[in-house]
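For reference, the structure discussed in these notes is given below.
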Amino acid sequence: MENATLFDQSYVKGTIIRILFQNNDNFYTVLKAEVIDTNEDFDDEVTVTGFLPQIAEGDTYTFTGKIILHAKYGKQLQAEKFEKDLPQSKDGIIHYLSSDLFKGVGKKTARTIVEILGEDALNIILDDKSSLDQIPKLSQDKKDLIYNTINENQAIEKVMIQLNDWGFGPQLAMKIYQFYKDDTIRVIKESPYQLVMDIEGIGFNKADELARHIGIDNNHPERLKAALVYGMEQASLQNGHTYIPDQILLETSFNLLTKNGSEVNPDALVNALTELCEEKKLLVEHEKNIYIPSLFYSETKTVQILHRLMNHQEQLKQFEQSEIMLAIGEIEQLFEVSYAEKQKEALMQAMHSKLMILSGGPGTGKTTVVRGIVTLYAELHGLSLDYNDYDGQDFPIVVAAPTGRASKRLYESTGLEATTIHRLIGWTRDNKPDDILENEITAKLIIIDEMSMVDTWLMFQLMKAVPNDAQIIFVGDQDQLPSVGPGQVFKDLIESQIIPQIELNEVYRQQEGSSIVELAHQIKRNEPFDITKRYSDRSFIPCQTDQIPEVIEKIVTSAVNKGYDMRDIQVLAPIYRGNAGIRALNKVLQKILNPPEDKKREMEFGDVVFRNHDKVLQLVNRPEDGVFNGDIGEIVGIFKAAENALNKDVVIVDYDGNEVTYTKADLIEITHAYCCSIHKAQGSEFPIVIMPVVHQYFRMLQKNILYTGLTRAKQSLIFCGDVNAFNDGIKRLGNARFTSFYQFLMDYFSTDDQKDIVKNDSDTDENKENEVFKKLPFQVGEMTEENMHLVSPMINMGDISPYDYV
DNA sequence: CTTCTCCG
């Protein structure tokens with residue numbers, strides 16, 4: 001989005017010739033217009049795209065937005081604002097009012113209207129219908145007709161313009177309009193806070209600003225509720241909690257409500273929370289834990305499904321131990337590997353577990369074992385792993401992961417058609433997290449990799465799609481970065497120990513005696529270590545923050561002199577901004593590793609220059625080209641439009657032999673990769689990793705981030721910066737997440753009564769199950785007069801933080 | 001302060 005400001009605002013005034021495409025759900029429109037006026041060099045015709053209302057061919061509009069280069073269709077205007085040209089002149093209005101749109105209104109009446117109401121007649125009528133009373137000899141029918149017709153033609157646009165004035169962008173404005181339709185302006189004026197509840201992407205602050213403008217009371221229940229709901233959403237979406245204790249919610253909401261100096265009554269806030277729970281907009285459990293309902297349902301329902309699946313254990317085909325061992329031996333020969341004891345144990349376990357967890361840090365051989373499991377399963381069940389042999393029949397094994405890139409790696413390691421979990425279960429853009437998706441997975445063996453990245457909603461949706469007769473294996477590393485979405489599903493699942501689990505903890509990837517591995521283990525086990533101690537494969541170069549670029553330059557130069565090339569060297573930093581941030585370092589590194597030369601081609605995009613042989617990082621999934629978010633490649637060609645068949649400026653990027661073509665507009669999808677974020681590097685490894693660590697990164701200096709970064713190094717690890725920043729960071733656990741999945745698992749799997757409920761539940765059909773989903777699977781404490789005292793008013797809450805509760 | 005998926 002930041003790039004948007006790099007482009008000047010462009011406008012086109014034009015008459016619509018043809019509407020090429022319009023999506024009726026969101027009004028995404030592509031149209032051709034004849035140019036009347038523009039500040040761009042469009043010829044007589046222009047293609048305009050945007051979220052536009054039902055606009056008619058023949059109408060004249062002024063579109064404002066930015067010029068983009070579409071891969072297929074070339075230069076077009078992406079409209080952010082649009083305005084219909086109302087007839088401006090008296091003649092224009094007369095012509096308009098006497099047109100076919102206004103049946104029964106003749107030239108004479110039209111002229112009278114303009115004479116009396118003036119050039120602004122149309123707007124005057126729209127603002128106040130009774131202004132037509134001034135027109136003599138006009139029947140009520142005609143007044144209605146004139147008003148309604150102008151209104152229908154203008155309603156959406158007026159709403160959009162008003163929303164625009166209030167500061168909403170075009171897509172958001174259309175989303176708001178879609179929700180409230182003609183009531184938009186009324187609803188917002190009456191209760192702008194409704195936006196926080198109804199429209200994703202509108203926060204409390206935005207609504208509050210609007211509300212102050214309109215003059216809504218500081219203690220208005222809607223205001224208080226909005227702050228509470230927003231506080232909940234922040235807690236879940238920003239901090240990853242699936243619930244928060246009421247006191248924390250009350251405190252954060254109170255701070256939010258009063259930060260602009262307005263006074264808020266704490267009792268009123270507590271009442272607002274009670275009401276929200278009564279209205280089921282929020283849930284309260286254990287009389288103090290507050291949930292967004294969909295997260296509560298996801299956690300509880302996932303527990304039930306896991307339990308139900310465990311109860312279908314008997315459907316698994318059992319094999320003799322000797323038979324499995326024999327097959328494992330064959331596979332060892334086939335792949336020319338020799339499995340360690342723990343790995344063999346994992347293979348055995350996988351053959352007779354309904355549900356199983358396979359965990360382990362980087363380099364412990366999870367991939368090897370997964371490949372082994374697939375082959376062993378096929379061998380024992382006498383199945384072919386060739387898709388051609390199935391011809392329309394369901395393939396018995398499915399492998400999936402939460403990200404596109406992880407699924408690509410799964411494909412590479414297993415040879416199976418791996419997908420993202422979302423694709424597997426049919427989760428599309430339009431689905432909300434608690435929608436009930438109908439897709440059922442048809443495979444008998446389901447393997448999910450990178451489980452640490454699965455959040456609470458995705459876990460529920462996934463489990464919902466698992467059939468009773470399937471086996472499922474969860475694979476992952478609980479020490480990696482937590483899921484983006486709420487929860488810590490994998491960690492909770494492991495800690496509950498309700499599922500058989502094998503942890504691989506021997507490292508095969510790095511050589512024995514590697515001090516990098518040793519460091520990783522020490523960090524993992526909270527053992528003391530000296531980060532400044534020099535080893536052959538690891539060191540820490542102390543320096544100031546502003547020396548970072550210079551120090552990195554020295555390290556890289558010396559590595560290059562030793563014969564390493566840029567693909568071997570990866571600089572990892574946690575943040576983009578600042579003089580030691582990713583962006584700044586990329587500029588420095590490009591200069592060293594790929595300096596400009598006379599004949600070396602370049603293409604500018606925004607404030608970066610892409611140069612032939614640049615190392616680049618893909619930022620979004622492009623499954624059709626086999627490139628995924630996080631893939632690193634090298635620019636191998638830059639061509640001008642005149643030089644190629646596409647007739648467009650293009651950049652060619654090579655991803656390990658897979659060459660992908662980017663038009664100029666596509667360049668938004670890539671960035672320089674000399675330095676990349678630690679988050680993006682998760683799942684990759686590099687011979688040499690250089691990690692600057694300085695206080696500037698303060699917020700991001702946390703144990704699992706540092707751990708993830710340093711474990712990317714295969715041969716050599718070089719830190720630079722502030723030793724204290726590292727040592728402080730390694731002690732910080734990031735924000736601990738409040739989740740109840742673990743507790744629900746423990747409760748549910750230990751009580752016989754509940755097991756009975758689940759058995760009955762599993763016998764019922766889908767509809768019944770959906771019914772159960774709507775009800776509360778656990779007894780939920782509602783806030784009543786009797787237990788109100790348990791929700792403490794906001795006394796002495798100044799110093800409470802989530803850390804006090806964990 | 002960073003991170004994911006979904007395709008109109």
Inset, instruction - Whole angstrom is fine here: how far is it from CG in A:N621 over to P in B:dT5? - result: 4 Å
Inset, instruction - Grab the CD-P distance between A:Q461 and B:dC4 for me, whole Å please. - result: 20 Å
Inset, instruction - Write down the distance between CG (A:L572) and P (B:dT3), rounded to a whole number of angstrom. - result: 12 Å
Inset, instruction - For A:I575, answer base if it contacts any base atom (sugar-phosphate contacts may also be present), sugar-phosphate if it contacts only those atoms, and nothing otherwise; contact means non-hydrogen atoms under 4.0 Å. - result: sugar-phosphate
Inset, instruction - Mind checking A:Y697 for me? I need base, sugar-phosphate or nothing, with any heavy atom below 4.0 Å counting as a touch. - result: nothing
Inset, instruction - Give a yes/no on whether any side-chain N or O of A:T428 is located under 4.0 angstrom from OP1 or OP2 of B:dT5. - result: no
Inset, instruction - Determine the contact category for A:Q696: base if any of its heavy atoms lies under 4.0 Å from a base atom, sugar-phosphate if only primed atoms, P, OP1 or OP2 are that close, otherwise nothing. - result: nothing
Inset, instruction - Would you classify A:M453 as touching base, sugar-phosphate or nothing, given that sugar-phosphate means primed atoms plus P, OP1 and OP2, and contacts are heavy atoms under 4.0 Å? - result: nothing
Inset, instruction - Take atom CD1 of A:I425 and atom P of B:dC4, then tell me their distance rounded to the nearest Å. - result: 18 Å
Inset, instruction - Figure out the CG/P separation between A:L462 and B:dT5, and round it to whole Å. - result: 16 Å
Legend entry - Side-chain donor/acceptor contact of A:Q682 with base of B:dT2 under 3.5 Å: no
Legend entry - Option from A:Q618, A:R622, A:E669, A:K648 for which side-chain hydrogen bond (donor to acceptor under 3.5 Å, both in side chains) with A:Y662 holds: A:Q618
Legend entry - Candidates A:N629, A:D631, A:N621 - the one meeting side-chain hydrogen bond (donor to acceptor under 3.5 Å, both in side chains) with A:R405: A:D631
Legend entry - Aromatic A:Y243 / basic A:R737 pairing, under 6.0 angstrom, 45° off normal: no
Taking distance alone, no hydrogens or angles, what donor-acceptor pairs closer than 3.5 Å link side-chain atoms of residues 672-679 of chain A to residues at least two apart or in another chain?
{"residue": "A:H672", "atom": "NE2", "partner": "A:Q590", "partner atom": "NE2", "Å": "3.4"}
{"residue": "A:H672", "atom": "NE2", "partner": "A:V609", "partner atom": "O", "Å": "3.2"}
{"residue": "A:H672", "atom": "NE2", "partner": "A:D614", "partner atom": "OD2", "Å": "2.8"}
{"residue": "A:Y674", "atom": "OH", "partner": "A:D614", "partner atom": "OD1", "Å": "2.6"}
{"residue": "A:Y674", "atom": "OH", "partner": "A:K615", "partner atom": "N", "Å": "3.3"}
{"residue": "A:S677", "atom": "OG", "partner": "A:K680", "partner atom": "N", "Å": "3.1"}

Inset, instruction - Measure from NZ on A:K408 to C1' on B:dT5 and round the result to the nearest Å. - result: 17 Å
Inset, instruction - Compare the minimum distances between each of B:dC6, B:dC4, B:dT2 and the side chain of A:T403, then state the nucleotide with the smallest one. - result: B:dC4
Legend entry - For atom CG of A:N439 and atom P of B:dC6, their distance in whole Å: 14 Å
Inset, instruction - Report yes if at least one side-chain N or O of A:R423 is closer than 4.0 Å to OP1 or OP2 of B:dC6; otherwise report no. - result: yes
Legend entry - Sugar-phosphate, base or nothing in reach of A:P574, heavy atoms under 4.0 Å: sugar-phosphate
Inset, instruction - Kindly confirm or rule out a cation-pi arrangement of A:R409 over A:F628, judged by NZ or CZ under 6.0 Å from the six-membered ring centre and within 45° of its axis? - result: no
Inset, instruction - Determine: side-chain N/O of A:T420 to OP1/OP2 of B:dC6, distance under 4.0 Å, yes or no. - result: yes
Inset, instruction - Would you kindly compare A:M700 and A:H422 by the position of their nearest DNA chain B nucleotide and give the one closer to the 5′ end? - result: A:M700
Inset, instruction - If a pair satisfies side chain to side chain donor-acceptor pair (under 3.5 Å) and one of its residues is in residues 718-730 of chain A, list it, with sequence neighbours excluded. - result: A:H695-A:D722
Inset, instruction - For A:G485 and for A:N239, locate the closest nucleotide of DNA chain B by heavy-atom distance; then report the residue assigned to the nucleotide nearer the 5' terminus. - result: A:N239
Inset, instruction - Select base, sugar-phosphate, or nothing to describe what A:D455 touches, counting heavy atoms under 4.0 Å on all strands. - result: nothing
Legend entry - Distance in angstrom units between A:W427 CH2 and B:dC7 P, rounded: 13 Å
